[in-house]
Structure formats: C-alpha cells, structure tokens
Protein chains: 2
Amino acid sequence: MKEDRQCIFCKIIAREIGSTILYEDNDIIAFNDIAPKAPVHVIIIPKQHIERINDITAETALLVGRLILVAKTLAEKLEIAESGYRLVFNCNQNAGQAVFHIHLHLLGGRLLHWPPG
Amino acid sequence: MKEDRQCIFCKIIAREIGSTILYEDNDIIAFNDIAPKAPVHVIIIPKQHIERINDITAETALLVGRLILVAKTLAEKLEIAESGYRLVFNCNQNAGQAVFHIHLHLLGGRLLHWPPG
C-alpha cells in the first residue's frame, strides 16, 4: 500500500504518532481531530496515501464511498445521527487543505452554519 | 429507480423543474445551486432518491463515491481544481439539510474559511 514517510496521517496509521482512534479496518482509520471545531470532530482517512481529491479515480471511488459509510456509522455510534452532522472534504489552498492525504471531516454536536466557510 | 414525487430534486431529474445541468449520466446529475455561496457552487445528486446520508449502505457506497468522483471531474472542468474546492454533505437539522434527497455541495472560486460553518 502506498504510503509517504513524511505524512502525518501515515504516521498516525503506523502508530508513530498517537491519536484517539475511533474506528479501524483494513482500508480505513478514523480518529479525533486535534483541533476540534465542534463537540464531535472526527477525521476519517484511507490507509492508502492519496494526496488530494483531485487524485481519486474510478478505481478508488468505492474506497471514498466507504469513508462516507464509516462516517455515517460513527455518527450513529457518537449519537449525532438524528440531530445531524456535516461531512467535509477540502482540496487544495482555497479550501485550506492542511494535510495532503485525503481526509473526511465529520462534524456534529452543535448547529453548523451556512455557508460552510 | 426509487423516486419521490414531492421531492424537488426528483423533479429536477424529471425536468419538471428547470435547472442549469452541468453533468448527467445514468445514475447521477449535477446542477448549479440556486442560492450559490461561492463563484462555483454545484449540487451533485444520485438519481436514486436516498433521503439522508444516514440511509446509505454498503450497497450504495460506490454510488456515493461516484458523486465525489463527479465533483472532482467538474472541479477540473470549471477550472477550480488547482486553486481548490470544498465538498460538503449535510445530514439532518444541525447541518441545515434543506432537501431530503442526498446531495453533495461543490464550492470553489473563493477562499473558504474554517471552521466549515
């Protein structure tokens, strides 16, 4: 599986950096954001090092869909499924992408305003 | 294919309500948001009427992944792929979900702030 030895998320996957892991399977891992912007703020990532949403393909579309499915399952587990939650992918500078390993933000536990940034 | 005769997005798919359609295939359609919050603000939806992200399953995960793939392709076409863009799903009240047919927001063409709402 492709990884990047300098990538902070690859280091979390490898347990070289600590995090509060909420979910893991062969392909995906989820952990709490270290700078949470809501009472629930989880990061969900593929273990495969894909830098940007710009880099996804038909071959990785199912993996990306499974990130959303894991988010849905975590929303239930964290009891925000009924009150509601927002899912966010950022790509490149205008969106403030800070780590170049694709990651889905799951935010909930408070009212989320519009527009989304 | 499941549809809801009262759903505004199902009516857009059926051409009963006009919209500026930017992409269409057998399973997915994309059109401009009628209340844009950025220079580029596109809505990407499955033709299948799925009410909430809470309702997605392993069987629909690929379809959801393909929504992201269509967003990526539209970002290239609309020339915001390099400058950046944000992708957003809202589920239920705390996120302000306004239409109960799952839809992905693609926003770009300006700096998007953090937190995302």
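From a predicted model like this one, the values you see are computed outputs, not experimental measurements. Residue numbers start from 1 in every chain, and the chains themselves are labelled A, B, ... in the order their sequence lines are given, proteins ahead of strands.
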- Item | A/Ala58 portion near chain B, given a 4.5 angstrom heavy-atom threshold | both
- Message: Let me check something: do A/Ile102 and A/Leu22 share a hydrophobic cluster, defined by ILVMFWY side-chain heavy atoms less than 4.5 Å apart, either directly or through other members?
- Response: yes
- Message: Could you check whether any side-chain N or O of A/Asn92 sits under 3.5 Å from a backbone N or O of B/Ala81, counting only pairs where one atom can act as donor and the other as acceptor?
- Response: yes
- Query: What heavy-atom pair brings B/Pro115 and A/Lys37 nearest, and what distance separates the two atoms?
  - Reply: CB-CB, 3.7 Å
- Is it possible for you to say whether B/Ile28 and B/Leu104 belong to one hydrophobic cluster, with membership spreading through side-chain heavy-atom contacts below 4.5 Å? yes
- Task: Flag yes if more than 12 heavy atoms outside B/Ile34 fall under 6.0 Å of its CD1 atom; otherwise flag no.
- Result: no
- Item | Best-contacting candidate, B/Ala61, B/Gly65, B/Ala75, B/Ser83, against chain A by heavy atom pairs under 4.5 angstrom | B/Ser83
- Linking I/L/V/M/F/W/Y whenever any side-chain heavy atoms sit under 4.5 Å apart, do A/Val42 and A/Ile12 land together? no
- Query: Can you say whether B/Arg52 sits under 4.5 Å from chain A via the side chain, the backbone, both, or neither, judging by heavy atoms?
  - Reply: neither
- Side chains of B/Asn90 and A/Tyr85: does their closest heavy-atom pair fall under 4.5 Å? no
- Item | Residue among A/Leu69, A/Leu62, A/Thr73 with most heavy-atom pairs under 4.5 Å to chain B | A/Leu69
- Step-by-step side-chain contact (heavy atoms from CB on, under 4.5 Å) determination, B/Asn94 to A/Arg86: CA-CA 8 Å; B/Asn94 261 351; A/Arg86 181 166 290 165; over 6 Å; no
- Task: Taking atom CD of B/Glu24 as the centre, report whether more than 12 heavy atoms of other residues, nucleotides or ligands fall under 6.0 Å from it.
- Result: yes
- Query: Knowing that exactly one of B/Val64, B/Ile53, B/Asp55 qualifies, which makes a side chain to side chain contact (heavy atoms under 4.5 Å, CB included) with A/Lys72?
  - Reply: B/Ile53
- Should we count CD of A/Glu76 as having more than 12 external heavy atoms under 6.0 Å? yes
- Message: Could you check whether any side-chain heavy atom of A/His113 comes within less than 4.5 Å of a side-chain heavy atom of B/Pro116, counting everything from C-beta outward?
- Response: no
- For chain A, the option from B/Gly109, B/Gly84, B/Ala38, B/Gly96 that forms the most heavy-atom pairs under 4.5 Å: B/Gly84
- Message: With clusters defined by side-chain heavy atoms of hydrophobic residues (ILVMFWY) lying less than 4.5 Å apart, directly or transitively, does A/Leu112 cluster with B/Trp114?
- Response: yes
- Give, as side chain, backbone, both or neither, the part of B/Glu82 having an atom under 4.5 angstrom from any heavy atom of chain A. both
- Message: Between B/Leu107 and chain A, with a heavy-atom cut-off of 4.5 Å, which part of the residue counts as in contact: side chain, backbone, both or neither?
- Response: side chain
- Query: For B/Ala35, is it the side chain, the backbone, both or neither that has a heavy atom under 4.5 Å from a heavy atom of chain A?
  - Reply: neither
- Query: Are B/Phe9 and B/Ile17 linked, directly or through other ILVMFWY residues, by side chains that come within less than 4.5 angstrom of each other?
  - Reply: yes
- For B/Phe89 and A/Leu106, what are the C-alpha separation, side-chain angles and deciding distance, and is it a side-chain contact (heavy atoms from CB on, under 4.5 Å)? CA-CA 10 Å; B/Phe89 279 115; A/Leu106 162 63; over 6 Å; no
- Message: As an exercise, state the distance from CD1 of B/Ile68 to CG of A/Leu87, rounded to the nearest 0.5 Å.
- Response: 9.0 Å
